[in-house]
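If you read the sequence from its start, that first residue is 1, and numbering goes on from there.
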Amino acid sequence: FLCAGVLNADDRYVIGLSVHDRSGLRAAALNRMERDVAEIFAAAGVSIQWSICGGAWPDTCSTSAAAVQLHLRLLAGSSSLPAPAVGDRLGIAFVDGDGGGVYATIYCGTVEEEAAQGGVHVQQLLAAVAAHEIGHLLLGNRSHSPVGIMRPRWDRNDLAAISRTWLRFTPRQIEQIRDRLRARAR
């Protein structure tokens, strides 16, 4: 069945994602990130309708017809926020008091540094960070878990899992994402 434009014909939940690239990321890296993020969300039963934009933030880019629209900004530098751990410096999701949001930022400079130190391809780490921050937009700030893509800090084992594209949302998070998508589409 179709639920207010939230499900597509394959019974997958659909979100629209506008990517605003201000990092100068190469097209191949952006395509790899898109593919890996789509794979992570497909495992959760969610399809993404992508809009790859220039650096404009956010209103000069066409969006998809999906009921839920999110925006991801890629910046070239590093976060200027003090952070005690890797996960706090790679990106940020701007979440409102109701636990949802539409804007997230990834600091590609920091992602590149951490990828080099952790022995993982930049595109793979970038995709994991993007999925994590989109996860916050859908699940809220207090959605970290001890396992999976929503861990607050990734260690060497997590980076190895990222290099194999094994990090995913937990079954409970998948259920919550679907519930939140249904609620947002109303």
Side-chain angles (χ1 to χ4, degrees), residues 15 17-44 46 48 50-58 61 70-95 101-170 173-174 177:
I15 60 174
L17 181 66
S18 297
V19 178
H20 306 270
D21 182 17
R22 298 178 72 187
S23 70
L25 200 60
R26 291 182 325 229
L30 196 57
N31 290 338
R32 173 71 185 264
M33 180 198 76
E34 181 180 329
R35 187 192 78 207
D36 287 354
V37 170
E39 183 179 305
I40 291 167
F41 277 91
V46 177
I48 298 176
W50 296 84
S51 298
I52 306 299
C53 309
W57 178 250
C61 181
L70 305 176
H71 301 272
L72 180 65
R73 179 173 57 171
L74 306 176
L75 297 180
S78 300
S79 169
S80 59
L81 302 172
V86 171
D88 298 328
R89 321 182 297 125
L90 300 176
I92 187 169
F94 301 96
V95 178
V102 295
Y103 300 109
T105 296
I106 295 176
Y107 303 104
C108 293
T110 307
V111 171
E112 288 175 4
E113 292 167 15
E114 295 302 328
Q117 291 175 8
V120 64
H121 290 286
V122 172
Q123 300 93 325
Q124 291 173 311
L125 185 56
L126 184 63
V129 173
H132 180 96
E133 298 306 333
I134 295 165
H136 279 306
L137 296 178
L138 298 172
L139 296 167
N141 275 335
R142 297 174 192 227
S143 53
H144 286 139
S145 64
V147 296
I149 199 78
M150 293 307 293
R151 277 184 56 121
R153 292 167 186 82
W154 293 324
D155 59 22
R156 287 213 175 270
N157 292 330
D158 296 315
L159 293 176
I162 288 169
S163 72
R164 294 175 185 89
T165 64
W166 288 350
L167 280 189
R168 296 287 189 259
F169 291 101
T170 66
Q173 289 165 339
I174 291 170
I177 286 171

Item checked: Given Leu90, Val19, Leu25, Leu72, the one that forms side chain to side chain contact (heavy atoms under 4.5 Å, CB included) with Ile106 -> Leu72
Check: Checking side chain to side chain contact (heavy atoms under 4.5 Å, CB included) against Cys108, which of Leu75, Leu126, Asp21, Val129 comes through?
Finding: Leu126
Notebook entry, point to check: When rounded to the nearest 0.5 angstrom, what distance separates CD1 in Ile52 from CE in Met33?
Noted result: 6.0 Å
Item checked: Pairwise distance CD(Glu113) to CG(Leu125) - rounded to 0.5 angstrom -> 11.5 Å
Notebook entry, point to check: Do Gln124 and Asp36 touch side chain to side chain, with heavy atoms closer than 4.5 Å?
Noted result: yes
Notebook entry, point to check: His71 vs Tyr103 aromatic rings, parallel, tilted or perpendicular, using cut-offs 30° and 60°?
Noted result: parallel
Next item on the list: Kindly indicate whether the side chain of Arg89, heavy atoms from C-beta on, has any atom under 4.5 Å from the side chain of Glu114.
Entry: yes
Item checked: Reported SG-to-CZ distance for the pair Cys53 and Arg22, which is rounded to 0.5 angstrom -> 12.5 Å
Note to self: Has Glu133 got a side-chain atom pairing as donor or acceptor with Ala93's backbone, closer than 3.5 angstrom?
What the structure shows: yes
Item checked: Sub-4.5 Å side-chain heavy-atom contact between Ile134 and Ile40 -> no
Item checked: Residues Leu17, Phe41; criterion side-chain contact (heavy atoms from CB on, under 4.5 Å); working and verdict -> CA-CA 12 Å; Leu17 181 66; Phe41 277 91; over 6 Å; no
Notebook entry, point to check: Would you call Leu137 and Val102 a side-chain contact if the rule is heavy atoms closer than 4.5 Å?
Noted result: no
Next item on the list: Heavy atoms only: give me the nearest Ser143-Gln173 pair and the separation to one decimal.
Entry: O-NE2, 3.4 Å
Taking only distance into account, with no hydrogens and no angle test, what donor-acceptor pairs under 3.5 Å do side-chain atoms of residues 162-169 form with protein atoms, sequence neighbours excluded?
unit_1, atom_1, unit_2, atom_2, d
Ser163, OG, Ala160, O, 2.6
Arg164, NH1, Ala160, O, 3.0
Thr165, OG1, Glu39, OE2, 3.4
Trp166, NE1, Arg164, O, 3.4
Arg168, NH1, Thr165, O, 2.9
Arg168, NH2, Glu39, OE2, 3.0
Arg168, NH2, Thr165, O, 3.2

Next item on the list: For Arg156, look at atom CZ and say whether over 12 heavy atoms of other residues, nucleotides or ligands are found less than 6.0 Å away.
Entry: no
Notebook entry, point to check: Taking all atoms of both residues into account, what is the closest heavy-atom pair of Ile149 and Ala131, and its distance?
Noted result: CG1-CB, 4.1 Å
Next item on the list: Kindly give the heavy-atom pair with the smallest separation between Asn141 and His136, and that separation in Å.
Entry: O-CE1, 3.6 Å
Next item on the list: Kindly indicate whether the side chain of Trp154, heavy atoms from C-beta on, has any atom under 4.5 Å from the side chain of His132.
Entry: yes
Next item on the list: State, to 0.1 Å, how close Asn157 and Asp155 come at their nearest heavy-atom pair, and which atoms those are.
Entry: N-OD1, 3.0 Å
Next item on the list: For Ile174 and Ala43, work out which heavy atoms get closest and say how close.
Entry: CD1-O, 4.1 Å
Note to self: Under a 3.5 Å distance rule, please check whether Arg151 uses its side chain to pair with a backbone N or O of Ser145 as donor and acceptor.
What the structure shows: no
Notebook entry, point to check: Say you draw a straight line from CG of Leu30 to OG of Ser23; how long is it, rounded to the nearest 0.5 Å?
Noted result: 7.5 Å
